[in-house]
Amino acid sequence: MVDYRTQGQIAILEVNNPPVNALSIHVRKGLDDGISRAVRDPSVKAVIVIGKGRTFSSGADIKEFNKPQEGPRLTMVGKKLEESDKPVVAAIHGTCLGGGLEIALFCHYRIAVKSARVGFPEVLLGILPGAAGTQRLPRVTDVAVAMEMISTGKHVPAPKALEYGILDKIVQGDLLEEAVKFAKSVMGKPVQPCRLSDQPVKGADRLVQVFDAAMRQVKQRQRGFMAPVVCLKAVRSAAELPYNEGLLRENTLFTELMSSSQCAALRYAFFAERAAQRWQLPSGASAANTKPVPVKSTGVIGAGTMGQGIAICLLRVDYPVILVEQNQKLLDKGVEMIQLAFKDAVRRKLMTEDAMRHCMSNISPTVDMQQLANVDLVIEAVYENVALKQDIFRKLDVICKPSAVLCTNTSTISIDIIASATKRPGSVVGTHFFAPAHIMRLLENVYSKDTSAQAVATVMDLGKKIGKVSVLVKTCHGFVANRMFHHQGQEAALMLEEGALPEHIDKVMEDFGMSIGPMKVSDLSGVDIGWRIRHEVAKMEGVELTSQTRFFRGERYCTLPDKLYELGRLGRKTGKGWYRYEKPGGRVAMVDDEVTNLIKKHSAEMGIERRGISTQEIQERILYPAINEGFRILEEGVAAKPEDIDVIWWYGFSFPRYMGGPMFHASQVGLSKVYERICYYHQNFPYSSHWVPSDLLRKLASAPSPVPISQWMSYSQSKL
Ligand SMILES: CCC[C@H](O)CC(=O)SCCNC(=O)CCNC(=O)[C@H](O)C(C)(C)COP(=O)([O-])OP(=O)([O-])OC[C@H]1O[C@@H](n2cnc3c(N)ncnc32)[C@H](O)[C@@H]1OP(=O)([O-])[O-]
């Protein structure tokens with residue numbers, strides 16, 4: 001795990017623990033033995049610590065977190081490195097993160113290649129750098145930088161790290177050769193001035209202002225998230241306490257965070273996100289055994305909001321895009337909006353003018369679908385209408401080359417239905433982007449009964465290339481995201497007619513941890529979207545929804561959202577929805593008397609006596625129908641595992657990652673309790689099928705002891 005060798009008077013400790021040189025027990029032991037051996041050997045005059053393979057080290061081994069500590073502790077290994085009288089040089093490439101950076105900070109010198117990145121991402125796991133990182137970083141760089149790095153977890157590129165004083169030198173050429181040269185240049189020099197534990201904290205005279213400003217930011221950005229707050233406290237103690245006392249304080253805070261439920265949720269999230277990439281189809285085809293179709297050219301059909309966002313995603317990573325619209329006016333408008341979005345990115349220094357020009361030169365706008373004849377992949381992004389989508393796919397079937405992958409950005413319509421319009425259903429696959437498509441990270445990829453493994457591999461690969469987190473699901477109406485979210489919308493509307501107000505529901509859910517409440521989400525995505533979907537479904541079933549409709553498909557139906565739509569209150573884009581905004585497209589949601597009156601009048605018309613609805617009831621009626629639907633989704637194999645559902649909720653609906661997602665949250669509450677409350681609401685609201693308890697949930701809730709989330713799927717086929 002750590003290879004020891006000497007080159008002349010230099011000992012080289014090479015960490016060799018693929019894939020990312022995590023500091024597992026054997027690595028810590030290897031470093032501990034290696035430094036002792038180098039210190040003992042009189043012929044050794046300097047030491048290099050370097051990583052084999054793609055990276056220096058990604059930090060402590062997260063898989064060891066749940067296990068009892070064995071072997072030498074990282075801080076003890078570090079102390080030995082620092083106490084060596086022979087200079088120790090960390091030679092960094094790839095990423096040097098967490099415990100990896102802590103090891104580097106124990107070394108007397110740090111050199112790196114230009115492409116390297118350093119950082120303390122512990123906060124993203126709900127903990128803090130617990131091997132002296134919070135005490136040593138502010139001794140090598142300014143305390144403000146240390147607070148920012150440790151409380152955000154952001155990676156810092158090597159040139160910036162050099163500027164901050166974290167690195168001593170950036171080298172070009174072979175890292176080991178350069179490290180050897182560097183080690184020779186410092187051989188024999190006293191190491192005392194390079195021992196960070198002996199250094200004062202930099203910028204300690206500004207501690208209070210820096211701390212207060214950082215704390216304000218953290219609380220504003222990440223309401224309810226403990227780790228960044230505790231990280232700041234730990235760095236503060238570096239400036240307030242002698243080094244060894246600071247270490248003890250760090251250790252106390254680290255232990256506190258490590259045992260928190262937020263840390264458990266974030267550790268789960270770390271592995272869940274990676275597991276989602278290892279997709280597998282019922283046929284056995286998987287990420288491991290299927291190659292994607294090479295994609296060099298793309299097409300997007302529809303230059304509306306979604307089409308624009310999707311085109312931006314593709315253009316940003318250098319795909320040429322043929323953008324198709326039905327008429328020149330809509331096409332010009334779409335291109336203009338894309339250009340505006342790029343200009344905004346330039347203004348915010350997210351891209352250069354040159355890069356923007358390059359992206360724009362890659363768009364070929366056209367009103368002629370025939371131009372798509374040679375593209376490798378096309379994404380249809382027109383509005384949600386079955387007949388329209390089928391018509392487009394019928395045409396694509398004739399126009400596109402046989403190897404083309406045909407994607408639809410439908411958010412609800414079954415891919416089976418869309419694919420049936422073609423003679424090549426194997427090439428048809430869903431790529432459900434979330435609005436705004438160029439900002440939201442989630443890509444819900446959807447396979448139909450016929451979609452080929454190669455088409456799936458292609459869209460999963462595409463997701464990675466355009467920087468999305470892709471999750472693969474099986475087709476059904478609404479897929480995973482909207483199917484679960486839909487019930488939240490239904491229950492929210494029902495609570496409005498029973499006695500709640502939009503601001504009331506949103507406050508409860510925002511206090512719970514959601515970044516915005518469900519009514520604000522509805523305003524953001526557009527009140528018309530839900531209206532269109534409901535009315536499209538009704539039309540397909542030959543039903544007309546009116547203001548008098550009380551039941552639809554045998555379910556209790558609330559017409560309030562339809563009434564809002566009819567008033568032209570379509571959400572943020574019209575400056576009015578469940579709230580009033582400062583302008584169309586505005587962001588500041590203000591309570592609007594017109595909506596309050598509309599809701600109260602509606603309740604009166606429906607003969608409903610309004611009542612106060614408790615915080616607990618709002619929370620449960622928003623979360624539990626979605627969770628219940630999540631279990632049905634698992635039962636039906638629409639999602640392969642609960643982790644996939646949670647990934648969808650972090651990236652699609654900003655569910656707080658530190659709460660683990662709705663399925664993880666259910667596991668924390670206890671499935672028997674969740675089941676019991678769902679049964680209670682089912683009794684009280686028998687005309688809402690989303691309260692009919694899922695069978696899988698029932699089985700898991702009645703298991704003799706809580707079933708770990710990783711084993712839920714083994715109950716889906718059981719006959720209990
Ligand atoms: C007392 C201790 C105090 C200390 O302060 C605490 C820490 O250091 S906390 C740690 C602070 N450090 C962090 O939080 C860094 C976390 N890691 C990362 O941010 C990214 O993995 C990294 C940027 C390094 C590479 O990204 P990439 O190139 O896209 O690659 P990838 O992401 O797909 O990973 C490849 C494989 O490696 C696995 N694996 C990775 N890291 C670890 C780990 N530390 N451990 C175990 N396993 C780890 C990962 O699961 C995956 O496995 P699989 O079976 O193939 O799914």
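Atoms within a ligand are numbered from 1 in the order they appear, just like the ligands themselves.
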Member of Arg136, Arg139, Arg195 meeting the side chain to side chain donor-acceptor pair (under 3.5 Å) criterion with Tyr243
Arg136

Among non-hydrogen protein atoms, atom 34 (O) of ligand 1 lies closest to Arg274 NE, 4.0 Å

Can you pull out the closest protein heavy atom to atom 41 (N) of ligand 1? Residue, atom name and distance to 0.1 Å, please.
Ser58 OG, 3.3 Å

Counting only heavy atoms, which portion of [X] has something under 4.0 Å from ligand 1: side chain, backbone, both, or neither?
X: Phe120; result: neither
X: Val20; result: side chain
X: Phe56; result: neither
X: Gln277; result: neither

Under 4.0 Å from [atom], do we find at least one protein heavy atom?
atom: atom 54 (O) of ligand 1; result: yes
atom: atom 22 (C) of ligand 1; result: no
atom: atom 8 (O) of ligand 1; result: yes

From the candidates [options], the one that places a heavy atom nearest [atom]:
atom: atom 10 (C) of ligand 1; options: Gly130, Pro19, Ala60; value: Ala60
atom: atom 19 (O) of ligand 1; options: Asn17, Leu128, Ile127, Leu97; value: Leu97
atom: atom 27 (P) of ligand 1; options: Met258, Arg28, Arg54; value: Arg54

Dump the intermediate steps for side-chain contact (heavy atoms from CB on, under 4.5 Å) on Glu256 and Leu253, then the final yes or no.
CA-CA 5 Å; Glu256 219 172 80; Leu253 295 173; 4.2 Å; yes

Can you name the side-chain contact (heavy atoms from CB on, under 4.5 Å) partners of Ala287, sequence neighbours left out?
Trp279

Give the atoms of ligand 1, by number and element, whose distance to some non-hydrogen atom of Asp61 is under 4.0 Å.
45 (N), 46 (C)

Parallel, tilted or perpendicular, as decided by the 30° and 60° cut-offs, for the rings of Tyr658 and Phe225
parallel

With Arg657 as the cation and Phe655 as the aromatic partner, state whether NZ or CZ is under 6.0 Å from the six-membered ring centre and within 45° of the axis.
no

Taking atom types as modelled and ignoring hydrogens, do the side chains of Ser36 and Lys80 form a donor-acceptor contact shorter than 3.5 angstrom?
yes

Would Ser57 and Val20 count as a side-chain contact (heavy atoms from CB on, under 4.5 Å) if you check the C-alpha gap in whole Å, the side-chain angles of each, and the deciding distance to 0.1 Å?
CA-CA 6 Å; Ser57 168; Val20 289; over 6 Å; no

Would you call Lys79-Glu83 a salt bridge at under 4.0 Å N-O?
yes

